[in-house]
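For reference, the structure is listed below as structure tokens.
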Amino acid sequence: MIGCDCSVCGSTDPRDNRTRPSVLLQFPAGNLLIDTTPEMRIQLLREKIRHIHAIAFTHHHADHLFGLDDARLFPKMIGGPVPVFCEQQTEDCIRRAFSYAFAEHVKNWPPGFVPQVDFVRVGPGIEFETLGQKIMPIRLDHGRFSVLGFRIGNLAYCTDVNHIPDSSWPLLEGLDTLILDALRPEPHPTHFCVDEALQVVERVRPRQTYFTHISHFLGHEETQAILPAGVHMAYDGLVLDF
Ligand SMILES: [Zn+2]
Ligand SMILES: [Zn+2]
Ligand SMILES: [Zn+2]
């Protein structure tokens, strides 16, 4: 947190050094990135990821979106616009926030100058396919917004959520790995706090859970020490098999 002197912001534990939330899914046919954070470029350089073949968006908030300009390099690598899987409200916001990328005069520009994307509409409960994989969007409530979680096989990524609608619970059955929003100890109007996230874990009973979207109110080591078995603090650079 800019201007903060708390023990987490001053921590020397690299796991307390957090950029904004995103996950990369590496499939045999290519890489699917979920969300393009303001640090996307830094994250991809750090992890030595050379190609992104498709992008899916949970929602349009700046902490999940504002790295999209750096996606202008990907069409060169994959030979065409990047497929972007999102809801209508997310597409509308992307078109406004990155209006220069959709201007008439850039239409025939070669790749590399502005992000070139092909929007693909997705919706909750309707499976879609990309890179040879079936992906199920899950409706999640994020304060007064609706966002999407994504389930790929037995893994689900559910960030920016403070309530799970009744219709979404069946889509979380039989999970091996759940990646779940847990912002801080105190309740928050748009994110699960730790206790609320643990209640979700109780109900879903995944084999393992990783908390994400963690704020500086939660130090990695001291929080990990009080979490039940099978529940972990995620951290930048964490790699999971699924
Ligand atoms: Zn702090
Ligand atoms: Zn958000
Ligand atoms: Zn967020």
Side-chain angles (χ1 to χ4, degrees), residues 1-25 32-44 55-71 84-98 122-124 137-150 156-165 168 178-194 196-197 200 209-224 233-238:
M1 182 74 85
I2 292 170
C4 183
D5 297 318
C6 80
S7 63
V8 177
C9 290
S11 167
T12 54
D13 185 338
R15 297 168 302 181
D16 284 322
N17 190 348
R18 300 168 180 140
T19 54
R20 263 61 73 89
S22 172
V23 292
L24 178 80
L25 301 163
L32 171 66
L33 183 66
I34 301 185
D35 295 339
T36 58
T37 78
E39 294 98 358
M40 182 191 79
R41 178 172 177 273
I42 295 165
Q43 293 165 334
L44 295 178
I55 299 170
F57 281 104
T58 58
H59 66 310
H60 62 262
H61 282 162
D63 55 330
H64 298 256
L65 174 60
F66 275 13
L68 184 64
D69 182 72
D70 290 307
V84 166
F85 300 88
C86 67
E87 293 190 279
Q88 184 68 51
Q89 56 171 0
T90 308
E91 175 179 339
D92 293 346
C93 282
I94 290 173
R95 287 182 180 278
R96 280 201 302 276
F98 295 88
V122 298
I138 304 167
R139 169 62 73 227
L140 303 171
D141 296 331
H142 179 32
R144 42 189 197 92
F145 285 100
S146 291
V147 313
L148 291 179
F150 295 103
Y157 180 62
C158 298
T159 189
D160 293 66
V161 49
N162 70 323
H163 177 256
I164 298 174
S168 295
L178 172 63
I179 304 168
L180 183 64
D181 189 346
L183 186 77
R184 64 184 193 185
E186 297 298 312
H188 185 276
T190 66
H191 293 269
F192 282 135
C193 66
V194 171
E196 290 165 338
V200 173
T209 303
Y210 289 85
F211 284 167
T212 189
H213 216 298
I214 302 158
S215 75
H216 66 150
F217 296 108
L218 294 170
H220 183 95
E221 202 171 298
E222 53 272 36
T223 309
Q224 186 60 63
M233 297 285 278
Y235 52 87
D236 281 48
L238 173 67

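When a ligand or atom number is given, it counts from 1 through the structure's own listing order.
- Side-chain contact check for L218 versus P185: some heavy-atom pair is nearer than 4.5 Å.
- Atom CD of E221 sits in a sparse spot, with 12 or fewer heavy atoms from other residues, nucleotides or ligands closer than 6.0 Å.
- Residues passing the salt bridge (charged side-chain N to carboxylate O under 4.0 Å, His left out) test with R41: none are found, sequence neighbours excluded.
- Excluding waters, the count of protein N/O/S atoms less than 2.8 Å from the Zn ion (ligand 1) comes to 4.
- Proximity of the aromatic rings of H142 and H191 is defined here by a centroid distance below 6.0 angstrom, and this criterion is met.
- Every pair passing salt bridge (charged side-chain N to carboxylate O under 4.0 Å, His left out) that includes a residue from residues 85-94 is listed here, sequence neighbours excluded: E87-R139, E91-R95, E91-R121.
- Contact check for I34 versus L25: side-chain heavy atoms found under the 4.5 Å cut-off.
- Listed by chain and number, D63 OD2, H64 NE2, D160 OD2, H213 NE2 are the protein N/O/S atoms closer than 2.8 Å to the Zn ion (ligand 3), with waters left out.
- Checking T159, T90, D35, D160 one by one against T58, the side-chain hydrogen bond (donor to acceptor under 3.5 Å, both in side chains) holds for a single residue, D35.
- A ring-centre distance under 6.0 Å is found for H61 and F145.
- A distance-only check finds a donor-acceptor pair linking the side chain of Q224 to the backbone of M233 [under 3.5 Å].
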